[in-house]
Protein chains: 2
Amino acid sequence: MTSLRDVAERARVAVSTASAALNGTRPVAAATRRRVERAAAELGYRPNLLARGLQSKRTRILALLFPAPRGGFGLTEMQFATGAAEAAGELGYHLLLSPESAGPIEELRHLTGLGLVDGVLLMEVALDDERPRFLAEAGVPFAMIGRTREPGTIDYADIDFAATARDAVAHVAGLGHRKLALFNLAEDGHPAGYGPAVRAGEEFARAARERGLAYVAGFRPGSAEEGGKAFDDLLDAHPDVTALAVMDDRAAVGVITAVARRGLRIPEDLTLLLVLSSARVAEMFHPRLTTLEPPSTELGRLGARMLIDRLQGDGPPRQRLVPCRLVVGDSSAPPREGGGS
Amino acid sequence: MTSLRDVAERARVAVSTASAALNGTRPVAAATRRRVERAAAELGYRPNLLARGLQSKRTRILALLFPAPRGGFGLTEMQFATGAAEAAGELGYHLLLSPESAGPIEELRHLTGLGLVDGVLLMEVALDDERPRFLAEAGVPFAMIGRTREPGTIDYADIDFAATARDAVAHVAGLGHRKLALFNLAEDGHPAGYGPAVRAGEEFARAARERGLAYVAGFRPGSAEEGGKAFDDLLDAHPDVTALAVMDDRAAVGVITAVARRGLRIPEDLTLLLVLSSARVAEMFHPRLTTLEPPSTELGRLGARMLIDRLQGDGPPRQRLVPCRLVVGDSSAPPREGGGS
DNA sequence: CTGAAAGCGCTAACAC
DNA sequence: GTGTTAGCGCTTTCAG
C-alpha cells in the first residue's frame with residue numbers, strides 16, 4: 001500500500017506539501033505540484049479514505065437506508081439504489097446499502113454513530129415518517145426519495161403526482177372518455193400513509209375534477225384475485241366507466257382477466273393504464289399497456305446529488321418533483337360510441 | 001461524538017483498558033469490564049469505524065461490484081444486493097454498492113486502493129471473467145455470485161444448474177412429455193460467455209439425454225417479438241415438441257402470444273416453463289406459469305457469508321450450489337394424446 | 001511557497 | 001490486570 005509519505009519522498013517534498021499539491025488545499029508552486037503528481041502517478045498512489053476521513057470528518061460515503069422488502073421488491077426500489085450509486089460514484093462518493101433490519105430508528109442510531117457516513121438517503125418515506133425527525137435532531141445531513149406530508153425545508157426528490165395525474169387524465173380525456181376509475185395501491189405491502197398512494201389518490205381526484213371527468217376511487221386491490229374482484233365490483237356499481245388506471249401490476253393482471261371473462265376487450269371496451277410500473281412490466285402484458293412510468297433511476301440520482309450538494313455547501317432546500325413518463329401502449333383507445341360497456 | 005476517551009474517563013480506566021474491555025482483546029477484570037460497559041452504555045458510545053479501520057486494517061466493509069445494467073435490470077440482481085446486505089449486516093459488516101461505471105478492472109483498482117473495503121463480492125460473473133484474476137493477484141479477498149469456467153479454489157455461490165435442469169426435465173417427463181425445447185438467454189443483454197446461459201444450456205441437454213427425452217435447443221430470443229418468431233420456427237421444424245422451457249421473461253410473452261395466434265392453448269397443447277425468473281413475474285402471466293425460480297436472495301446471503309468467513313479465517317474453498325425452486329403453476333399438463341400439436 | 005509538528009480515535013506492543 | 005506509548009495515513013495549523 002503506497003502512502004502519501006512514499007509520494008512525498010519520491011517527489012522530495014514534505015508530506016504536507018504533497019497533500020496540498022494533490023488536493024489543491026493551499027497554493028503550491030506549479031513545478032512542485034507537477035513533481036508530486038508525477039510521483040503519485042508513478043507509484044499508483046491512492047489516498048487512504050479512512051485516514052482522510054478520520055482527520056477531516058468526511059468520508060464521502062452515503063448510506064441508502066433500505067427498508068425490509070414487504071411484499072417482495074420491485075424494480076423501482078432497485079433503480080433508486082442503482083441511480084443513487086451511480087450519481088454518487090460520478091461525484092466521488094460511495095453508497096452504502098443499509099438494510100433496516102432492526103427497525104429504522106435503531107438502525108439509524110447505529111449507523112450514524114459510527115462516523116462512517118456523511119449523510120443518509122431515505123427511501124419509502126411515509127407521510128408521517130419518524131426518520132427525518134430523528135436525523136434532523138441528530139444533526140445528520142439527509143435527503144429523501146419521496147417526502148413526508150410537510151417536508152418543510154428538507155431536501156427531497158419525489159414523483160410529481162399532480163403532473164402525473166394531469167397527464168394521465170389528459171390522456172384519457174383526450175381520447176374522449178367521460179368517466180375514469182383509479183385502483184390505488186393496497187394498504188398492506190406498504191407503510192401506512194404511504195406517500196405515493198395518498199398523493200396519487202388526491203391528485204387523480206383533483207385532475208379529474210378540473211378536467212370535468214367523472215371519477216371513481218376507493219378500490220385498492222393488491223393481488224390478481226383482488227384486482228379481478230375489484231373490477232367486477234366496479235362495473236357493477238359504475239357500468240359507465242370506460243377508463244381505468246391501476247397502480248399495482250398484479251392487480252392489473254386480475255383486471256385483464258376479469259375483462260376477458262366478461263367478454264370485453266382492451267382497448268375497445270376499456271382503456272387501461274398502468275401507473276407507477278415500469279415499461280418493462282408493461283411489455284409483459286397483452287395488449288402492451290399504456291404506462292405512467294416512474295422516474296426511479298432519476299429520483300435515485302437526484303437524491304444522491306442533492307445530498308452531496310448539501311454536504312458541500314449550504315443553501316436553500318433542494319426539492320425536486322419529477323413527473324412519470326407517459327408511455328402510450330395498445331391499451332388506450334377512444335371509448336365505444338355511447339360509452340359504457 | 002462521544003469517543004473511547006470519554007468512556008475511559010468516566011470508567012476511570014486507561015483508554016487501552018476500555019478498548020480491551022469492549023473488544024475482549026485481552027483479559028480484563030470482571031469488575032472493570034462492567035464499569036467500562038456501563039460507562040459506554042450511559043454515554044451511548046459507538047466506536048469510530050474509521051479510526052478502528054485505520055489501525056486494524058479492517059473496515060468490516062464489503063463491496064458489491066455492480067455491473068452497469070444492460071437490458072434493464074431484473075429483480076434477481078436486486079435480490080443479490082439485498083440478500084448480501086442483510087447477511088453482512090447480521091454479521092456486523094456493511095455493504096458498499098459499487099457500480100462498474102468505468103470498466104470493471106479500473107473500478108476495482110480504484111476501489112481496492114482506497115483501503116475502504118475488506119473484500120469484494122462479484123456478480124454477473126462471466127465464464128472467462130477477468131476480475132477474479134485481478135483480485136487474486138492484487139491479494140484482495142473476494143467471493144463470487146456465479147462462477148467462472150474453472151473456479152478452482154475461489155469461493156462462490158451459484159445456481160445448481162444440473163439439479164435445476166434435472167428437476168425441470170423430471171417435471172415434464174413425469175407429465176408424459178417426450179420432447180422438450182429450451183429457449184436460452186439471448187446473447188446480447190449479457191456478458192459474452194454468461195455462465196447461466198452456458199451452464200443451463202449444457203445441463204438441460206444432459207438432463208434430457210439422461211432421461212431419454214428428445215431435446216431441441218439453439219433458439220435464443222431476447223424479446224417478445226423474437227420469442228414469438230422463435231416459437232413459430234420451433235414448431236415448423238419440430239411439430240412434435242410439447243414442452244418448452246424459456247429463460248427470458250420477455251421471450252415468454254412472445255411465446256404465449258404466438259401460441260394463441262396458432263390457435264393453441266397452454267397447457268393443453270404446450271407445457272411452458274419459465275426458467276430463472278421470479279414467481280412474482282410468473283404471476284403476471286395467464287395461465288400462471290410454472291417457474292424455476294432462482295434462489296437469488298439466498299445466493300446474495302451466501303456470497304456475503306462466505307466472504308466474511310474467508311476474511312475471518314482461512315480454510316478450504318467455500319463453494320455452494322443452490323438449485324432453483326420449482327413452482328408448479330397452471331402452464332404444466334400432460335401432453336395431448338398422440339403428442340404434437 | 002514549503003516544512004515540521006500535532007492530532008483525528010482507535011488498537012497493539014510494551015512496561016509496570 | 002492495567003497504564004503508557006507509539007503509531008495507522010492523512011489534514012491542518014503554525015513557523016519559517
Side-chain angles (χ1 to χ4, degrees), chain A residues 1-37 39-40 43-61 92 94 110-118 311-312, chain B residues 1-37 39-40 43-61 92 110 112-118 311-312:
Chain A
M1 194 80 299
T2 135
S3 83
L4 189 56
R5 219 178 97 196
D6 303 326
V7 175
E9 275 174 9
R10 188 175 238 269
R12 304 174 167 291
V13 294
V15 181
S16 59
T17 306
S19 169
L22 259 20
N23 298 304
T25 183
R26 78 179 184 193
V28 170
T32 312
R33 144 167 301 137
R34 303 202 6 163
R35 270 212 325 265
V36 172
E37 280 169 350
L43 294 172
Y45 168 72
R46 306 272 164 192
N48 181 312
L49 289 191
L50 298 185
R52 170 178 289 174
L54 182 56
Q55 170 66 22
S56 65
K57 301 291 182 207
R58 307 207 21 252
T59 60
R60 299 180 81 86
I61 300 177
H94 292 271
H110 178 79
L111 190 67
T112 57
L114 264 23
L116 185 58
V117 304
D118 288 349
L311 289 171
Q312 301 192 332
Chain B
M1 192 81 299
T2 135
S3 81
L4 190 56
R5 219 180 96 194
D6 303 327
V7 176
E9 273 173 11
R10 189 175 238 271
R12 305 176 166 287
V13 294
V15 181
S16 62
T17 306
S19 169
L22 259 20
N23 298 304
T25 181
R26 77 179 186 193
V28 170
T32 313
R33 142 167 303 136
R34 303 202 5 165
R35 270 214 324 272
V36 172
E37 281 169 351
L43 294 173
Y45 168 72
R46 306 276 164 189
N48 181 311
L49 288 192
L50 298 186
R52 172 179 287 175
L54 183 56
Q55 170 64 24
S56 65
K57 303 290 181 207
R58 307 207 20 251
T59 61
R60 299 178 80 87
I61 299 177
H110 179 80
T112 57
L114 263 23
L116 186 58
V117 304
D118 288 350
L311 289 171
Q312 301 192 330

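A, B, ... follow the sequence lines: proteins, then strands. Residue 1 opens every chain.
- Summarising the geometry, the separation between CZ on B/Arg5 and P on C/dT11 is reported as 15 Å, rounded to the nearest angstrom.
- Rounded to whole Å, the distance from CG on B/Leu114 to C1' on D/dC8 is 16 Å.
- In this model, the phosphate group of C/dT11 is not approached by any side-chain N or O of B/Ser56 to a distance below 4.0 Å at OP1 or OP2.
- In terms of heavy atoms, B/Val7 sits closest to B/Val36 at CG1-O, 3.9 Å.
- Atoms CZ (B/Arg35) and C1' (D/dG1) sit 12 Å apart, rounded to a whole Å.
- Of the candidate nucleotides D/dG9, D/dG3, D/dT11, D/dG3 has the atom lying nearest to any side-chain atom of B/Ala14.
- With D/dC8, D/dC10, D/dG3 as the candidates, the nucleotide lying closest to the side chain of B/Val13 is D/dG3.
- Rounding to whole angstrom units, NZ of residue A/Lys57 and C1' of D/dC10 are separated by 13 Å.
- Atoms CD and CG, from A/Gln55 and A/Leu50 in turn, are 13.5 Å apart once rounded to the nearest 0.5 Å.
- Between the side chain of B/Gln55 and the base of D/dG7, at least one donor-acceptor pair of N or O atoms lies under 3.5 Å.
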Apply the test side-chain contact (heavy atoms from CB on, under 4.5 Å) to residues B/Asn23 and B/Arg52: give CA-CA distance (whole Å), side-chain angles for both, the deciding distance (0.1 Å), then the verdict.
-> CA-CA 11 Å; B/Asn23 298 304; B/Arg52 172 179 287 175; 3.3 Å; yes
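- Across residues 23-34 of chain B, B/Asn23, B/Thr25, B/Arg26 each have a non-hydrogen atom less than 4.0 Å from an atom of DNA chain C (numbered order).
- Taking atom CG of A/Asn48 as the reference point, atom C1' of D/dT11 lies 13 Å away to the nearest angstrom.
- The interatomic distance linking A/Leu54 (CG) with C/dA6 (P) rounds to 18 Å, in whole Å.
- A close approach under 4.0 Å does not occur between any side-chain nitrogen or oxygen of A/Ser19 and OP1 or OP2 of D/dC10.
- Side-chain atoms of B/Ser16 and base atoms of D/dT4 include a donor and an acceptor less than 3.5 Å apart.
- Counting to the nearest Å, the C1' atom of C/dT11 and the CG atom of A/Leu50 are 14 Å from each other.
- B/Arg26 is listed as a side-chain neighbour of B/Thr17, based on a closest heavy-atom distance under 4.5 Å.
- Side-chain contact between B/Ser3 and B/Asn48 is absent, with no heavy atoms from C-beta onward closer than 4.5 Å.
- Look at CG on A/Leu4: it is 13 Å from C1' on D/dT12, rounded to the nearest Å.
- Taking 4.5 Å as the limit, every side-chain heavy atom of B/Ile61 sits out of range of all side-chain heavy atoms of B/Leu49.
- Nearest heavy atoms, B/Asp118 versus B/Lys57: OD1-O, 4.0 Å.
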